[in-house]
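For clarity, every value in this text was computed on a predicted model and none was experimentally measured. The chain is numbered in sequence order, starting from 1.
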Amino acid sequence: MNDRPLAQPEIVTRAQFQQTRDELLIREKAHTRESDAIAAARRRLPMVEIDPNLELTGPDGPVTLLDAFEGRRQLIAYYFMWHPGHPAPEQCEGCTWVTTQVAELSYLHSRDITYAVLCQGPYDEGSRYKEFMGWDVPWYSAQASIDALLVGRHVGMMHIVCYLRDADRVFETYWTTYRGVEVMDYNYALMDLTAYGRQEPWEDSPPGWPQQWQVDGSNIRTNGRPIAQWSRLETGRSDDLTAGP
């Protein structure tokens, strides 16, 4: 694929390139300022109180949503889609894609924020998947309380939900889904900087640009699996989700 002739950007002089780059920079700065303005509006959203005792399951058994804060003031929860009883290759490629990106939590912790994955399936299967993938993040099953936690939303879909704790009271302050979860990923952000972008059909690209990555799950799968699973198999990890811990 790398040797196939492809359409390419126009070749120009350094001065011409810099002129068009400077013109785009004006738009990029406006985009950054608008993003800052949206974040400011997000910080001014109202919040809704929820039951702090909603049950989760952790490595030592039942805990509460309040426990998942780990004593910090804020919690970012990623709601991981799950297909109970299905093997690892059939688990959500989208959730695998974004969860793989979250590795270093110290910067969040420095702002009094806890990050945790709330799996929408049973703890035993989900935790074995976590171990197979090598994810070192707090992991809980939200299965027992999922309808209350995602009230009014599509249970079974990926979500990011933000919470604020005031002593023993818990409030929901923000949530997003679908493309909103891209904030967790750096790959697409880096792809967007390249000449060919994400190479997906929906993108506004010049004629002849490669756009073979269909947005139907196959864009983050190869050979029948979520892309990130292959490196784990190559190191000898078992993807058997029915085996004991």
Problem - Exercise: identify the closest heavy-atom pair between Arg225 and Ala88 - result: NH1-CB, 4.4 Å
Exercise for the section: Kindly check if the number of other-residue, nucleotide or ligand heavy atoms within 6.0 Å of CZ (Arg73) is above 12? Expected result: no
Problem - Sidechain-backbone polar pair: Gln120 side chain, Gly156 backbone, donor-acceptor under 3.5 Å - result: yes
Exercise for the section: Go through the steps to decide whether Tyr78 and Met184 satisfy the test side-chain contact (heavy atoms from CB on, under 4.5 Å), and finish with yes or no. Expected result: CA-CA 10 Å; Tyr78 180 76; Met184 298 168 61; 3.4 Å; yes
Problem - Expected output: side-chain Thr99 to main-chain Cys95 donor-acceptor under 3.5 Å - result: yes
Handout entry: Asp185 (side chain) donor-acceptor with Tyr188 (main chain) under 3.5 angstrom
Key = yes
Practice task
Flag yes if Val102 and Phe132 sit in one hydrophobic cluster, no otherwise; membership is Ile, Leu, Val, Met, Phe, Trp, Tyr, and two members link when side-chain heavy atoms are under 4.5 Å apart.
Solution key: yes
Exercise for the section: Indicate if Val183 and Tyr186 have the same hydrophobic cluster label, given that clusters are the connected sets of ILVMFWY residues with side-chain heavy-atom separations under 4.5 angstrom. Expected result: no
Handout entry: Joint cluster assignment, Met81 & Tyr79, ILVMFWY side-chain distance < 4.5 Å
Key = no
Practice task
Using atom types as modelled and distance alone, determine if a side-chain donor or acceptor of Thr173 lies under 3.5 Å from a backbone N or O of Leu164.
Solution key: no
Fill in the blank from the handout: Between His159 and Arg153, the two heavy atoms sitting closest are NE2-CB, 3.8 Å
Problem - Closest non-hydrogen atom pair, Leu65 against Ile50 - result: CD2-CD1, 3.4 Å
Fill in the blank from the handout: Minimal heavy-atom distance between Gln101 and Asn187, with the atoms involved, is OE1-ND2, 3.0 Å
Fill in the blank from the handout: When Leu105, Val117, Leu75 are each screened for side-chain contact (heavy atoms from CB on, under 4.5 Å) with Pro138, the one that passes is Leu105
Practice task
Answer yes or no: is there an ion pair linking Glu90 with Arg221, defined by an N-O contact shorter than 4.0 Å?
Solution key: no
Problem - Distance in Å, Leu241 CG paired with His83 NE2, rounded so as to fall on 0.5 Å steps - result: 12.0 Å
Handout entry: Glu200 vs Gln211, side-chain contact (heavy atoms from CB on, under 4.5 Å): CA-CA, chis, key distance, verdict
Key = CA-CA 5 Å; Glu200 296 175 352; Gln211 293 185 297; over 6 Å; no
Exercise for the section: Give, for atom OH of Tyr140 and atom OG1 of Thr64, the distance between the pair rounded to the nearest 0.5 Å. Expected result: 9.0 Å
Problem - Aromatic ring proximity Tyr129/Trp139, centre distance under 6.0 Å - result: no
Practice task
For the pair Arg72 (side chain) and Asp112 (backbone), establish whether a donor and an acceptor sit closer than 3.5 Å, ignoring hydrogens and angles.
Solution key: no
Fill in the blank from the handout: Separation between NZ (Lys130) and SG (Cys119), nearest 0.5 Å, reads 12.0 Å
Exercise for the section: Side-chain contact test, heavy atoms from C-beta onward, threshold under 4.5 Å: evaluate it for Ile160 versus Trp175 and give yes or no. Expected result: no
Problem - Over 12 non-hydrogen atoms of neighbours within 6.0 angstrom of CZ in Arg111 - result: no
Problem - Side-chain donor/acceptor of Thr235 to backbone N/O of Arg232, under 3.5 Å - result: yes
Handout entry: Pair Gln214-Asn219, side-chain donor/acceptor within less than 3.5 Å
Key = no
Exercise for the section: Assess whether atom CG of Asp168 is packed by more than 12 heavy atoms of other residues, nucleotides or ligands within 6.0 Å. Expected result: no
Handout entry: Backbone N/O of Trp82 and side chain of Gln91: donor-acceptor pair under 3.5 Å
Key = no
Exercise for the section: State whether a side-chain donor-acceptor pair under 3.5 Å links Ser106 with Glu104. Expected result: yes
Practice task
Begin from the C-alpha positions of Tyr174 and Met47 and carry the test side-chain contact (heavy atoms from CB on, under 4.5 Å) through to its verdict.
Solution key: CA-CA 8 Å; Tyr174 177 75; Met47 60 186 184; over 6 Å; no
Problem - Heavy-atom side-chain contact between Gln143 and Glu55 under 4.5 Å - result: no
Practice task
Output the distance between atom OG (Ser238) and atom CD (Glu131), rounded to the nearest 0.5 Å.
Solution key: 12.0 Å
Exercise for the section: In sequence, state the C-alpha distance, the side-chain angles, and the governing distance for Leu108 and Thr114, and then conclude on side-chain contact (heavy atoms from CB on, under 4.5 Å). Expected result: CA-CA 7 Å; Leu108 292 175; Thr114 292; over 6 Å; no
Problem - Neighbour count >12 (heavy atoms, 6.0 Å) for atom CD, Glu10 - result: no
Completion exercise
CD (Glu93) and CG (Asp216) are apart, to the nearest 0.5 Å, by 8.5 Å
Practice task
Could you state whether Met157 and Val161 fall into the same hydrophobic cluster, counting links through intermediate Ile, Leu, Val, Met, Phe, Trp or Tyr residues with side-chain heavy atoms under 4.5 angstrom apart?
Solution key: no
Handout entry: Check: Gly197 main-chain N/O paired with Thr194 side-chain donor or acceptor under 3.5 Å
Key = yes
Problem - Check: Ala228 main-chain N/O paired with Ser231 side-chain donor or acceptor under 3.5 Å - result: yes
Exercise for the section: Identify the heavy atoms of Gly121 and Ser141 that sit nearest to each other, and give their distance. Expected result: O-OG, 2.6 Å
Practice task
Kindly indicate whether the side chain of Pro59, heavy atoms from C-beta on, has any atom under 4.5 Å from the side chain of Tyr123.
Solution key: yes
Handout entry: Approximate separation, where rounding is to 0.5 Å, of Glu234 CD and Gln229 CD
Key = 12.0 Å
Practice task
Could you tell me whether the side chain of Trp135 reaches within less than 4.5 Å of the side chain of Thr100, counting heavy atoms only?
Solution key: yes
Problem - Side chain proximity check, Leu149 to Leu56, heavy atoms < 4.5 angstrom - result: yes
Practice task
Please assess Glu172 against Arg165 for the test salt bridge (charged side-chain N to carboxylate O under 4.0 Å, His left out), listing each intermediate value before the final yes or no.
Solution key: CA-CA 9 Å; Glu172 182 180 324; Arg165 180 179 67 85; over 6 Å; no
Problem - Quiz item: cation-pi between Arg179 and Trp202, 6.0 Å / 45° - result: yes
Exercise for the section: For residues Tyr115 and His109, determine if any side-chain heavy atom of one lies less than 4.5 Å from a side-chain heavy atom of the other. Expected result: no
Exercise for the section: Would you mind reporting whether Leu6 and Pro210 have side-chain heavy atoms less than 4.5 Å apart? Expected result: yes
Problem - Any side-chain heavy-atom pair of Ile113 and Phe69 under 4.5 Å - result: no
Exercise for the section: Taking only Lys NZ, Arg NE, NH1 and NH2, and the carboxylate oxygens of Asp or Glu, determine whether Lys29 and Glu34 approach each other closer than 4.0 Å. Expected result: no
Handout entry: Side-chain donor/acceptor of Gln16 to backbone N/O of Thr13, under 3.5 Å
Key = yes
Handout entry: ILVMFWY network linking Ile227 to Val98, side-chain heavy atoms under 4.5 angstrom
Key = no
Handout entry: More than 12 heavy atoms of other groups within 6.0 Å of Leu24 CG
Key = yes
Handout entry: Heavy-atom pair with the smallest gap, counting every atom of Ala7 and Pro207
Key = CB-O, 3.8 Å
Handout entry: Plane angle bin for Tyr196 and Trp209 - parallel if under 30°, tilted between 30 and 60°, otherwise perpendicular
Key = perpendicular
